[in-house]
Amino acid sequence: YLGQERRGLTHRIIIYRQQELLLKSPFTFVGFISRRKDNLAASTIAKIQTTDQKMIRELVSIPGILSYSSLELPHGNWCNLVLMSNIGVKSHIKKAETHLYAAHQLAHTYYDWIRLQIGTLPEGLDPMEMCLLKTKYYTYYLDQQKPHIQELTYGKNYVIRNTQNIVPVMQYMSGENRLTQESRCL
């Protein structure tokens with residue numbers, strides 16, 4: 001599905017296994033939000049776009065991938081959400097040739113930073129409840145190929161119970177603010 005959001009931004013949703021998404025069973029998710037570098041060369045943008053399209057086609061062959069959603073943000077940034085049947089599926093994605101190429105050969109040329117959110121949807125999509133397990137912060141400095149990586153692990157009490165909390169969570173994911181211990185349960 002391809003749609004237009006406000007301000008003409010793109011929203012695409014790819015459903016790989018529709019019947020599994022309808023089950024009231026736990027899912028794993030990986031959320032990705034990033035900020036791209038300023039003044040990117042057209043060739044760098046083209047490489048990322050080509051790699052993204054290739055990765056989307058390859059996800060269909062990875063067992064346990066349920067859906068992939070991408071939302072274009074202002075200034076050419078994107079956020080993505082991958083739903084999986086279990087946490088083990090993540091290791092299959094990380095081993096995929098296209099993912100390895102994107103993460104180790106392209107990311108440092110395209111991104112200032114990346115935030116990965118890993119968590120679960122304990123009862124599937126209904127009711128909508130997300131439990132964040134950890135956040136990985138990747139920060140790229142100048143022309144260094146390897147990012148500086150930090151990881152924040154949450155207890156089982158970090159739960160997002162409804163969609164009213166999406167804006168503060170997106171701000172948190174992007175690093176725009178830091179939640180205090182008292183405000184972690186939304």
Side-chain angles (χ1 to χ4, degrees), residues 1 10-18 20-21 23 25-36 48 51-73 77-108 110-125 128-140 147-156 158-161 163 165-176 179 184 186:
Y1 305 99
T10 301
H11 189 182
R12 64 182 175 191
I13 301 169
I14 302 162
I15 298 174
Y16 295 103
R17 291 168 180 80
Q18 182 177 359
E20 288 182 54
L21 280 172
L23 298 175
S25 61
F27 301 141
T28 298
F29 70 85
V30 174
F32 173 103
I33 190 165
S34 63
R35 187 175 81 197
R36 71 182 205 165
I48 285 286
T51 303
D52 180 61
Q53 291 299 314
K54 185 175 180 184
M55 185 68 178
I56 288 169
R57 288 189 303 274
E58 288 178 4
L59 287 176
V60 74
S61 65
I62 297 176
I65 296 288
L66 304 177
S67 72
Y68 176 87
S69 301
S70 290
L71 177 63
E72 184 180 12
L73 303 172
N77 295 306
W78 290 83
C79 64
N80 305 312
L81 181 67
V82 180
L83 295 180
M84 301 167 278
S85 59
N86 62 68
I87 193 75
V89 176
K90 192 169 74 87
S91 67
H92 293 289
I93 296 171
K94 288 175 72 172
K95 292 177 188 174
E97 186 176 320
T98 302
H99 183 272
L100 288 168
Y101 172 70
H104 299 288
Q105 302 300 317
L106 292 181
H108 72 283
Y110 189 81
Y111 298 109
D112 278 331
W113 55 258
I114 296 169
R115 305 292 181 260
L116 290 180
Q117 306 285 329
I118 296 123
T120 64
L121 299 160
E123 297 182 47
L125 299 178
M128 183 64 162
E129 180 175 288
M130 301 172 87
C131 297
L132 291 178
L133 301 175
K134 67 180 172 180
T135 301
K136 291 184 93 171
Y137 299 84
Y138 297 83
T139 306
Y140 296 92
H148 173 72
I149 302 171
Q150 292 179 291
E151 186 172 312
L152 178 61
T153 303
Y154 309 100
K156 292 183 180 184
Y158 193 87
V159 177
I160 303 163
R161 297 203 194 301
T163 57
N165 296 308
I166 295 301
V167 171
V169 169
M170 292 303 288
Q171 289 171 343
Y172 179 71
M173 286 173 63
S174 69
E176 293 177 24
L179 297 177
R184 286 187 20 190
L186 300 177

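This chain uses plain numbering: 1 for the first residue, then up along the sequence.
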Rounded distance [0.5 Å steps], [atom1] in [X] versus [atom2] in [Y]:
| X | Y | atom1 | atom2 | value |
| --- | --- | --- | --- | --- |
| Glu58 | Ile65 | CD | CD1 | 11.5 Å |
| His92 | Ser61 | NE2 | OG | 11.0 Å |
| Leu125 | Leu83 | CG | CG | 6.0 Å |
| Ile15 | Leu66 | CD1 | CG | 10.0 Å |
| Tyr68 | Ile13 | OH | CD1 | 12.5 Å |
| Phe27 | Ser67 | CZ | OG | 8.5 Å |

Salt bridge or not between Arg57 and Asp52? Use side-chain N to carboxylate O under 4.0 Å.
no

Return the minimal non-hydrogen interatomic distance between [X] and [Y], and the atom names on each side.
| X | Y | value |
| --- | --- | --- |
| Thr135 | Gln117 | OG1-OE1, 2.8 Å |
| Leu132 | Tyr154 | O-CB, 3.6 Å |
| Ile93 | His99 | O-CB, 3.2 Å |

Look at the side chain of Glu72 and the backbone N and O of Thr10, then say whether any donor-acceptor pair between them is shorter than 3.5 Å.
yes

Whether Asn77 side chain and Arg36 backbone form a donor-acceptor pair below 3.5 Å
yes

Is the closest side-chain heavy-atom distance between Tyr16 and Leu59 below 4.5 Å?
yes

Does the side chain of Lys136 reach to within under 4.5 Å of the side chain of Gln150, using non-hydrogen atoms?
no

Going by atom types only, do Asn86 and Thr28 share a side-chain donor-acceptor pair under 3.5 Å?
no

Under the side-chain contact (heavy atoms from CB on, under 4.5 Å) rule, what do Glu20 and Ser85 come out as? Steps first, then yes or no, please.
CA-CA 8 Å; Glu20 288 182 54; Ser85 59; 4.0 Å; yes

Other residues, nucleotides and ligands only: do more than 12 of their heavy atoms fall within 6.0 Å of CD on Glu97?
no

Looking at Tyr138, Trp78, Tyr111, which one forms a ring-ring contact (aromatic ring centres under 6.0 Å, His included) with Phe32?
Tyr111

For Met84 and Val30, run side-chain contact (heavy atoms from CB on, under 4.5 Å): C-alpha distance rounded to whole Å, both residues' side-chain angles, the deciding distance at 0.1 Å, then the answer.
CA-CA 8 Å; Met84 301 167 278; Val30 174; 3.3 Å; yes

